[in-house]
Amino acid sequence: MTTLYDYQLAMLHAMCTTAPARVADLLDRIGATHADSAAAGKRWRSADVMSSFGSLAGYVTAWGATASEDSHPDGAHVARYARWDLSFWPDFQIELMEVPRGPRQVFRRLLRRPGAPQPKLDSVADLTPWSCTQDEFEACGLGPFDLFDGFGDSRVILDFEVVDAESRRKRRYSARFERGLLQSVEPVLVQLRKQNRAAVADEASIDDLILTRQTYLAVKRIKAEIEGSGSDAITEYQQRYGRLARERPNDFVAQYESDP
């Protein structure tokens, strides 16, 4: 089993490619290295695969006393909740929900710690790395979010449109989250042309899946190909997306900015 400190180091390893400057600063403050975070990530994946954390009791044994606990009815079952403070991110907590049904019983979610200052999320300029959780972002009113891509509870990408303050025209942005924490918000500079989706997914190449924006299927195939984690697969997906944009520019068009 891995400790809560280990889990936070594993979170940092997953963020090395999405918020590298923030990760480097935090590692320096806690006296750890990228190698330490990579090792912690490997330990966490091994524990997760081996189901070392199949219940809240297993987490309490490994992580220590909770900051708070609660329970609520969930149909014919009772869902139990537990939260732990995160020393790496003092404004946030990790919440676990245990539901005694199905093959997977424990679900993780990142939440703001009670009493912590609430973020101001009125514009794209407010969306700085690590400023908010995915739940806070989705509730901030900057949507609607017309594209949702993700892989499990690790890396999530939300595309959205807002009116640009200078041009007064709508512009599309991409918000990236890792373990429920905002990593970056960047303007979408290119948009794939509409492609024919008639091809059977099992017969289509990974490049064709990327070009037709069948992101989940593409990431799933890449994960099997590289035999890595979901986070590693999405990093590889982003690299292949960039390569296709360079090598096949005719399959891309400039991002369309519509009137509000």
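As a basis for the values below, the full set of heavy atoms in this structure was taken, side chains included, without hydrogen atoms, waters or symmetry mates.
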Subject >> Parallel, tilted or perpendicular: rings of Trp89 and Trp130 (30°, 60°) >> reply: perpendicular
Original post:
What's the spacing between Leu209 CG and Lys220 NZ if we round to 0.5 Å?
Top reply: 11.5 Å
**OP:** Answer yes or no: is there a side-chain heavy-atom contact under 4.5 Å between Tyr173 and Asp159?
**Re:** no
**OP:** Could you tell me whether a side-chain N or O of Ser131 sits under 3.5 Å from a main-chain N or O of Leu127, the two making a donor and an acceptor?
**Re:** no
Subject >> Side-chain donor/acceptor of Asp28 to backbone N/O of Asp25, under 3.5 Å >> reply: no
Subject >> Arg80: partners by side chain to side chain donor-acceptor pair (under 3.5 Å), with sequence neighbours left out >> reply: Glu98
Original post:
Side chains of Pro129 and Leu182: closer than 4.5 Å at any heavy-atom pair?
Top reply: no
Subject >> Arg108 (side chain) donor-acceptor with Glu95 (main chain) under 3.5 angstrom >> reply: no
Original post:
Is there a side-chain contact between Pro114 and Gln93 (heavy atoms, below 4.5 Å)?
Top reply: yes
Original post:
So which heavy atom on Ile206 is nearest to which on Ile222, and how close?
Top reply: CG2-CG1, 3.7 Å
Subject >> Separation of Leu244 CG from Asp207 CG (nearest 0.5 Å) >> reply: 4.5 Å
**OP:** Identify the two heavy atoms, one from Tyr81 and one from Ser71, that lie closest to each other, and give their separation to 0.1 Å.
**Re:** CD1-CA, 4.4 Å
Original post:
Tell me, do Leu26 and Val23 make a side-chain contact under 4.5 Å, heavy atoms counted?
Top reply: no
**OP:** Quick one: closest heavy-atom pair of Gln8 and Ser87, and the distance?
**Re:** OE1-N, 3.1 Å
Original post:
Hey, what do you get for CZ (Arg172) to NZ (Lys170), rounding to the nearest 0.5 Å?
Top reply: 10.0 Å
**OP:** State, yes or no, whether a side-chain contact exists between Gln134 and Leu110 at a heavy-atom distance under 4.5 Å.
**Re:** no
Original post:
Is the distance between the ring centroids of Phe137 and Phe160 less than 6.0 Å?
Top reply: yes
**OP:** Would you mind reporting whether Arg176 and Leu158 have side-chain heavy atoms less than 4.5 Å apart?
**Re:** no
**OP:** Apply side chain to side chain contact (heavy atoms under 4.5 Å, CB included) to Arg113 and Asp85, showing your working.
**Re:** CA-CA 7 Å; Arg113 178 179 55 79; Asp85 293 331; 3.9 Å; yes
Original post:
What distance separates Ser37 OG from Ile30 CD1, expressed to the nearest 0.5 Å?
Top reply: 8.5 Å
**OP:** Supply the atom-to-atom distance Leu56 CG to Glu69 CD, rounded to the nearest 0.5 angstrom.
**Re:** 7.5 Å
Original post:
Tyr59 vs Trp63 aromatic rings, parallel, tilted or perpendicular, using cut-offs 30° and 60°?
Top reply: perpendicular
Original post:
Considering all heavy atoms of both residues, which atom of Trp84 and which atom of Leu96 are nearest to each other, and what is their separation?
Top reply: CZ3-CD1, 3.4 Å
Original post:
Would Val99 end up clustered with Leu111 when hydrophobic side chains under 4.5 Å apart are linked, directly or stepwise?
Top reply: no
Original post:
Under 4.0 Å between a Lys/Arg side-chain N and an Asp/Glu carboxylate O for Glu236 and Arg243?
Top reply: no
**OP:** Determine yes or no for a side-chain-to-main-chain donor-acceptor pair under 3.5 angstrom, with Glu186 supplying the side chain and Ser184 the backbone.
**Re:** no
Original post:
Do Arg83 and Asp70 pass the salt bridge (Lys or Arg N to Asp or Glu O under 4.0 Å) test, and can you show the C-alpha distance, the side-chain angles, and the key distance before you say yes or no?
Top reply: CA-CA 9 Å; Arg83 291 182 178 184; Asp70 201 357; over 6 Å; no
Original post:
When the ring planes of Trp44 and Tyr7 are compared, do they come out parallel, tilted or perpendicular, using 30° and 60° as the limits?
Top reply: perpendicular
**OP:** Given side chain to side chain donor-acceptor pair (under 3.5 Å), test Asp36 with His34 step by step and report yes or no.
**Re:** CA-CA 5 Å; Asp36 294 331; His34 282 91; over 6 Å; no
Subject >> Reported CZ-to-CG distance for the pair Phe92 and Leu86, which is rounded to 0.5 angstrom >> reply: 9.0 Å
Original post:
Who pairs with Arg112 by side chain to side chain donor-acceptor pair (under 3.5 Å), at least two apart in sequence or on another chain?
Top reply: Glu136
Original post:
When clusters are formed by joining ILVMFWY residues with side-chain heavy atoms under 4.5 Å apart, either directly or through shared neighbours, do Ile226 and Ile210 land in the same one?
Top reply: yes
**OP:** Could you check Gln183, Arg179, Glu178 and say which one makes a side-chain contact (heavy atoms from CB on, under 4.5 Å) with Leu181?
**Re:** Gln183
Original post:
Any side-chain heavy atom of Val162 within less than 4.5 Å of one from Val124?
Top reply: yes
